[in-house]
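Each chain gets a letter, A, B and so on, in the order the sequences are listed, and its residues count up from 1. On a predicted model such as this, the values are computed, not experimentally measured, just so you know.
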There are 2 protein chains.
Amino acid sequence: MATIKQVSELAGVSLATVSRVINDTDQVKPATRAKVEDAMKKLGYRPNFIAQSLASNKSNTVGYVVPELHGSFFGDMLSGSERLLKKAKKHLFIAAGHSNEEDEIKAIESLLGRRCDALILHLEAVSNDYLIELSKDNVDFVVVNRYIPEIADRCISLDNVKGGYIATKTLIRYGHRDIAYISGSLWKSDAADRLAGHKQALQDANIPYNRLRVFEGNFQASSGYEGMLSFLNSGQAPTAVACANDEMAYGAADAIRERGLSIPDDISLVGFDNIEFSRFSHPKLSTVDYPTRAIGETAANWILSRIYGQGPFDATHIFMPELISRDSIAMLKSDKA
Amino acid sequence: MATIKQVSELAGVSLATVSRVINDTDQVKPATRAKVEDAMKKLGYRPNFIAQSLASNKSNTVGYVVPELHGSFFGDMLSGSERLLKKAKKHLFIAAGHSNEEDEIKAIESLLGRRCDALILHLEAVSNDYLIELSKDNVDFVVVNRYIPEIADRCISLDNVKGGYIATKTLIRYGHRDIAYISGSLWKSDAADRLAGHKQALQDANIPYNRLRVFEGNFQASSGYEGMLSFLNSGQAPTAVACANDEMAYGAADAIRERGLSIPDDISLVGFDNIEFSRFSHPKLSTVDYPTRAIGETAANWILSRIYGQGPFDATHIFMPELISRDSIAMLKSDKA
DNA sequence: ATGAAAGCGCTAACAC
DNA sequence: GTGTTAGCGCTTTCAT
């Protein structure tokens, strides 16, 4: 691997000059520049990013911790950030936190050890306190998908409570009163928030809360299936069910059909997240939109503007969810009322 | 940020000793080790990965170029690699190639500049020749999802021709002869291979190839929709359609239903990839399984064994596709025969 | 078992 | 406009 030194020798100039043409930092005489560029080409020179970072004390890379790499949800979010960052010539270093505290902290440490200029943190297990401490620690980061009052300006999130609320509220508007809920793992703040919204909507409509109508799944389709089964086997099937994400809604739909029941005629269904797929499913799923891409972009812009001093300064940090109305919710049939 | 030097001073030992305890490389007297670890804790020391890499000339990180970050396909593959690499304490640096040559090459250069110990390359635009050159260039890499005879030992792929073949073959077994095909962008080798397999199956069954029964989509659901529409509008609807991926199959399904037609009673459908979702769709999609996770894992193992000298040495490089039989294919109804 | 010292490849003052 | 030089934080011989 050719070094800057070899280039400088071949070109007959000093190290500094080569560095100048690489970084396009100072004025360099065109003729000199040409000589250097020639030499670089001849040697197949490729800047050593590692050395650059060490010497300049910045890496031009931002670290991103996601819960998982698989599935489309996080990829979509990452993609939003990546496109913006790339435009600004910043790189993205991705690490997975695997939804457990040890790995999440390791991931953060590792990104910091790499001297990432800033971090985007999508965490599930780590405590708010840890993050609050981190913020005092002179490390630049944004938190995504979590709202922490003490560091609100660093948090970019969707109002999950409201999302849970409008999902159930919509079902209620369609006349439903026996509404079951399939939740995500409740130790995750977004799952808990969505459920809270559901309860609130019930309460606002004077529908008594029945804990047997809540199933704690894990955000995976199979748990939606199980959850639905448990409702179906309870003697009286609910007329509608709200799910904490689209995946589980599809699992639930599967169980409903297995019973020979139809969606939405027999049971109405509402999801959450609005994954790509939900526009093409059958029936098309009514669901709460999670602005994945926009949140990813906002996170990138936060960093671009605060840390690198470029790009727009987005003021919006809390996104308001909207219900995407499609074909999985129907008016409650009167014979069931 | 504390440095090794500060640690050494606080602990009253030399730089070298601190380095030893960090890397657990040489023997260090327990008492000394304790002093050092104490000092590290007190200072909140965190090894500077950048400096380590520069000094040791290895980064313990493998670079991974994917076409895109969004969608679930690449995420699943990455996830397979990540889990194995993580176990071996290697890190993953992910870059997106965005399906165009410039970005793909930039991504590779950038990963090399970071002194990644090895690369996993999932490319679409770059030529085989470029990769063959690269292999002579003393850089360690595996190619995923592409088969290049000259560097076959570095290629991990699915036999896409065979995949296309069995999809169509299955349709033929079910009595279909008017089989349409919705392809991916044909400049992508996997799309071209799958189509080739389709044609071969037709030929083997003495079904004349009709170019009007092939629509070139782009692997996105919406193009499947369009493609299906074009077949539907052609005067005579095909009795079955094979799609080059599941997403497009869902787009096609949407178009079929819009016409009031049913799957599989009126039109049979077969997909490709077997995305997570296809187990939960309605009807459940029959499709060719793409072993995403296994391929990701094999790529990781390739690197682990060849470059880092650890982990199993997988000999299998070409995966054989299987058809997952579900509910979207039906026997051709005799009145249509 | 531990220390001294020479780099790793580059940037960033500072001279000229 | 270009060269000199001192680091950046660490690993790694080579001594001791």
Engineer: Is there a side-chain contact (heavy atoms from CB on, under 4.5 Å) between B:V21 and B:M40? Walk through the geometry before answering.
Structural biologist: CA-CA 10 Å; B:V21 347; B:M40 296 202 300; 4.2 Å; yes
Engineer: Rounded to the nearest angstrom, tell me the gap between atom CG in B:D24 and atom C1' in C:dT2.
Structural biologist: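 These atoms are roughly 16 Å apart.
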Engineer: Just one of A:R146, A:E150, A:E133 clears the side chain to side chain donor-acceptor pair (under 3.5 Å) bar with A:N128, so which one?
Structural biologist: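 Going through the options one by one, the only one that passes is A:R146.
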Engineer: Counting only side-chain heavy atoms from C-beta out, which of D:dC10, C:dA13, C:dC10 sits nearest to A:A16?
Structural biologist: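 Of all the options, the side chain of A:A16 is nearest to C:dA13.
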Engineer: Just to be sure I understand the rule, does B:F49 reach a base, reach only the sugar-phosphate, or reach nothing, if contact means heavy atoms closer than 4.0 Å?
Structural biologist: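 The residue B:F49 makes no contact with any strand.
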Engineer: At under 4.0 Å, does any side-chain N or O of B:N57 touch on OP1 or OP2 of D:dT11?
Structural biologist: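 It does not, given that no N or O in the side chain of B:N57 lies less than 4.0 Å from OP1 or OP2 of D:dT11.
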Engineer: Please state how far atom CD1 in A:I4 lies from atom P in C:dA12, giving the value in whole angstrom units.
Structural biologist: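 My rounded result for the distance is 11 Å.
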Engineer: Taking OP1 and OP2 of C:dT11, is either one under 4.0 Å from a side-chain nitrogen or oxygen of A:S19?
Structural biologist: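 The answer is yes; a side-chain N or O of A:S19 sits under 4.0 Å from OP1 or OP2.
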Engineer: What nucleotide among D:dG1, C:dA4, C:dT2 has an atom nearest to a side-chain atom of B:K29?
Structural biologist: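 Within the option list, the nearest is C:dT2.
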Engineer: Could you give the NZ-to-P distance, from A:K35 to D:dG1, as a whole number of Å?
Structural biologist: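 My rounded result for the distance is 15 Å.
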Engineer: How many whole angstroms separate atom CZ of A:R114 from atom C1' of D:dC10?
Structural biologist: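 Result: 15 Å.
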Engineer: Could you tell me whether a side-chain N or O of B:S157 sits under 3.5 Å from a main-chain N or O of B:I318, the two making a donor and an acceptor?
Structural biologist: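 Pair absent, no side-chain N/O of B:S157 close to backbone of B:I318.
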Engineer: Would you indicate what A:T32 reaches in the nucleic acid, counting non-hydrogen atoms under 4.0 angstrom: base, sugar-phosphate, or nothing?
Structural biologist: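 Result for A:T32 = sugar-phosphate.
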Engineer: So with a 6.0 Å cut-off around CG of B:D137, is the heavy-atom count from everything else above 12?
Structural biologist: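 For B:D137, atom CG is crowded (more than 12 foreign heavy atoms under 6.0 Å).
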Engineer: How close or far is atom P of D:dT5 from atom NZ of A:K5, stated in whole angstroms?
Structural biologist: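 Taking atom P of D:dT5 as the reference, NZ of A:K5 is at 13 Å.
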Engineer: Please state how far atom CE in B:M40 lies from atom P in D:dC10, giving the value in whole angstrom units.
Structural biologist: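 In whole Å, D:dC10 P lies 11 Å from B:M40 CE.
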Engineer: Nearest-Å distance, CD1 (A:I50) to P (C:dC8)?
Structural biologist: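 After rounding, the reported distance stands at 16 Å.
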Engineer: If each of A:P30 and A:L15 is mapped to the nucleotide of DNA chain D with the nearest heavy atom, which maps nearer the 5' terminus, i.e. the 5' end?
Structural biologist: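 Nearest nucleotide further toward 5': that of A:P30.
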Engineer: Would you tell me if any nitrogen or oxygen in the side chain of A:S14 comes within less than 4.0 Å of OP1 or OP2 on D:dG3?
Structural biologist: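 Result: yes.
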Engineer: Quick check on C:dC8: is either OP1 or OP2 less than 4.0 Å from any side-chain nitrogen or oxygen of A:N48?
Structural biologist: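 For A:N48, the contact criterion (side-chain N or O under 4.0 Å from OP1 or OP2 of C:dC8) is not met.
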Engineer: Ignoring hydrogens and angles, does a donor from either the side chain of B:R20 or the base of C:dG3 sit under 3.5 Å from an acceptor on the other?
Structural biologist: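 Answer is yes: a donor-acceptor pair is held.
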Engineer: Just call it for A:V13: base, sugar-phosphate, or nothing, with non-hydrogen atoms closer than 4.0 Å on any strand.
Structural biologist: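 Contact class for A:V13: sugar-phosphate only.
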Engineer: Which sits closer to the 5' end of DNA chain C, B:L54 or B:T17, going by the nucleotide each is nearest to?
Structural biologist: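 Counting from the 5' end, the first nearest nucleotide belongs to B:T17.
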Engineer: Could you give the CD-to-P distance, from A:E9 to C:dG9, as a whole number of Å?
Structural biologist: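 A:E9 atom CD is separated from C:dG9 atom P by 12 Å.
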Engineer: Examine the side chains of A:E82 and B:H70 and answer whether a donor and an acceptor come within less than 3.5 Å of each other.
Structural biologist: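 No, no side-chain donor-acceptor contact under 3.5 Å.
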